[in-house]
Amino acid sequence: MRCALIQMRSGIDPQANIETACEMIRRAAAEGAEFIATPETTHLVQKDADQAFAVMKPEADEPAIPAFSALAKELGITLLIGSLAIWLGERKAANRSFLFGPEGEVLARYDKAHMFDVGLGQGETYRESANYQAGETLSVTDLGGARLGLSICYDVRFAYLYRALARAGAEIISVPAAFTRPTGRAHWEVLLRARAIETGSYVIAPAQGGLHEDGRKTWGHSMIVGPWGEIVAQLEHAEPGILHADLDLRKVAEARRRIPALEHDRALTLQAAFRERLEQ
């Protein structure tokens with residue numbers, strides 16, 4: 001499977017971001033990609049909540065969805081839009097992935113499950129749960145020849161989610177992201193490689209990168225990791241760009257055969273003394 005990741009630097013104008021994404025997707029398809037993925041918040045990076053909500057739409061009215069659907073059908077590709085901010089009402093949104101098939105149909109949706117509520121120091125604080133509603137369901141979809149599991153950005157820190165996706169049949173797991181620079185520099189590569197190793201899966205991670213229009217700085221460095229934990233391809237920068245790689249699904253079966261860790265899960269019980277200490 002020829003895969004391409006789109007690295008973007010989305011701004012505060014959704015229509016401009018949609019047009020930029022479409023142009024880059026066309027380029028990736030022209031270069032031979034069958035499966036193309038874009039980053040988290042493809043159509044909007046806006047840290048001001050009031051201004052973000054002013055341009056958000058409910059799914060039924062979101063213009064990005066028919067635009068990307070039509071493009072997937074025109075190009076005959078499978079297209080993962082890493083996420084769109086979808087208005088749910090009462091100042092709540094979903095951070096939602098959309099997977100489009102080559103006929104333009106929506107094959108899957110996934111709402112980001114883990115909210116990025118952190119304080120990184122030096123005034124860099126995020127409270128995603130103030131504006132976004134966490135998802136509650138896994139998403140694994142048959143692409144025809146491969147099964148894709150969906151996740152988004154901060155989810156990558158929760159290994160149990162990836163194990164659940166792999167046990168549900170996922171051979172490729174997507175991690176579209178808008179990682180901050182401090183966390184990206186420290187943790188991006190090691191987390192992606194760990195999730196691939198633990199599950200024996202390909203991990204594909206298209207990213208936002210650079211200094212955004214709203215002042216936010218993201219890490220970039222989009223990456224594809226193989227099921228043995230090897231880096232298959234990566235961008236060494238935060239500039240917009242396209243990353244290509246061939247995914248050989250035989251390597252997933254080989255990695256899982258060599259180390260069948262997914263078959264070795266055990267239910268363990270805490271020792272009573274340790275459990276009592278935790279509960280105090």
Side-chain angles (χ1 to χ4, degrees), residues 5 37 39-40 80 82-83 95-97 99 108-120 126 128-129 132-141 146-180 182-208 218-219 221-232 234 247 249 251-271 274-275 278:
L5 307 187
E40 182 182 24
L80 174 66
S83 79
N95 193 348
R96 182 171 295 167
S97 288
L99 179 67
R109 296 170 176 81
Y110 168 74
D111 288 359
K112 186 176 181 179
H114 300 92
M115 297 292 96
F116 191 53
D117 291 356
V118 303
L120 301 178
Y126 299 88
E128 195 171 29
S129 63
Y132 287 86
Q133 182 171 301
E136 297 181 349
T137 58
L138 295 174
S139 180
V140 178
T141 304
R147 290 182 65 79
L148 174 69
L150 302 182
S151 73
I152 299 174
C153 201
Y154 188 53
D155 285 335
V156 77
R157 295 180 181 274
F158 300 87
Y160 70 89
L161 171 62
Y162 294 80
R163 198 163 193 84
L165 289 170
R167 290 180 65 84
E171 299 159 292
I172 305 168
I173 302 177
S174 61
V175 191
F179 249 61
T180 69
T183 58
R185 185 177 293 108
H187 302 148
W188 175 245
E189 179 182 323
V190 69
L191 284 169
L192 295 174
R193 295 183 71 184
R195 298 297 85 87
I197 292 166
E198 292 163 353
T199 62
S201 305
Y202 277 100
V203 170
I204 63 170
Q208 296 280 355
T218 53
W219 178 239
H221 295 75
S222 295
M223 186 177 295
I224 297 173
V225 183
W228 199 246
E230 73 280 18
I231 298 174
V232 175
Q234 64 179 322
L247 308 186
L249 278 300
K251 293 186 177 181
V252 174
E254 179 186 356
R256 293 177 179 181
R257 182 174 61 253
R258 292 169 72 182
I259 302 182
L262 294 173
E263 302 172 15
H264 296 161
D265 282 341
R266 297 183 62 206
L268 302 177
T269 302
L270 285 174
Q271 293 181 6
F274 184 61
R275 185 171 62 249
L278 287 178

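Position 1 is the first residue of the sequence, and the numbers go up from there.
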Checklist entry - For L192 and I231, what are the C-alpha separation, side-chain angles and deciding distance, and is it a side-chain contact (heavy atoms from CB on, under 4.5 Å)? => result CA-CA 9 Å; L192 295 174; I231 298 174; over 6 Å; no

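Annotation: side-chain contact (heavy atoms from CB on, under 4.5 Å) contacts of A170 (sequence neighbours excluded): V140, L165, I173. In this view, E230 satisfies the salt bridge (charged side-chain N to carboxylate O under 4.0 Å, His left out) rule with no residue, not counting sequence neighbours. By the side-chain contact (heavy atoms from CB on, under 4.5 Å) test, D155 pairs with Y110, K112, A113, H114, S151, I152, L161, Y162, sequence neighbours left out. Every residue two or more places apart in sequence or in another chain that forms a side-chain hydrogen bond (donor to acceptor under 3.5 Å, both in side chains) with R109 is listed here: E59. Partners of A37 according to the side-chain contact (heavy atoms from CB on, under 4.5 Å) rule, which considers only residues two or more places apart in sequence or in another chain, are L5, L80, I204, P206. Under the side-chain hydrogen bond (donor to acceptor under 3.5 Å, both in side chains) criterion, T218 pairs with H212, not counting sequence neighbours. T180 is linked by a side-chain hydrogen bond (donor to acceptor under 3.5 Å, both in side chains) to T183, counting only residues two or more places apart in sequence or in another chain. Checked against side-chain contact (heavy atoms from CB on, under 4.5 Å), A159 has the following partners two or more places apart in sequence or in another chain: R195, E198. Residues satisfying the side-chain hydrogen bond (donor to acceptor under 3.5 Å, both in side chains) criterion with E254, sequence neighbours excluded, are absent altogether. Every residue meeting the ring-ring contact (aromatic ring centres under 6.0 Å, His included) condition with Y154, not counting sequence neighbours, appears here in chain and number order: F116, F158.
Although no hydrogens or angles enter the test, the distance criterion places no donor-acceptor pair under 3.5 Å between the side chain of D111 and the main chain of Q133. Listed for the E40 side chain is no donor-acceptor partner under 3.5 Å among the backbone atoms of Q208. With hydrogens and angles ignored, the 3.5 Å screen pairs no side-chain donor or acceptor of S83 with any backbone N or O of R96.
For residues 166-179, the pairs satisfying side chain to side chain donor-acceptor pair (under 3.5 Å) are R167-D265, with sequence neighbours left out. Pairs of residues two or more places apart, or lying in two chains, that qualify as side chain to side chain donor-acceptor pair (under 3.5 Å) and include a residue from residues 255-264 are S201-R256.
To the nearest 0.5 Å, atoms CD1 (I224) and CD1 (I172) are separated by 9.5 Å. Going from atom CH2 of W188 over to atom CH2 of W219 covers 11.0 Å, rounded to the nearest 0.5 Å. Note that CG of L262 and CZ of R163 are 5.0 Å apart. Values are rounded to the nearest 0.5 Å.
When all heavy atoms of A207 and S222 are compared, the pair lying nearest together is N-OG, 2.9 Å. When all heavy atoms of D117 and S129 are compared, the closest pair comes out as OD2-OG, 2.5 Å. Shown here for A178 and C153, the closest heavy-atom pair between the two residues is N-SG, 3.5 Å. Between A196 and G226, the shortest heavy-atom distance links the atoms CB-O, 3.4 Å. The two residues S97 and L150 come nearest to each other via the heavy atoms CB-CD1, 4.3 Å.
Using a 4.5 Å heavy-atom cutoff, the side chains of Y132 and M115 are in contact. Annotation: side chain of I197 is not in contact with side chain of I259 (no heavy-atom distance under 4.5 Å).
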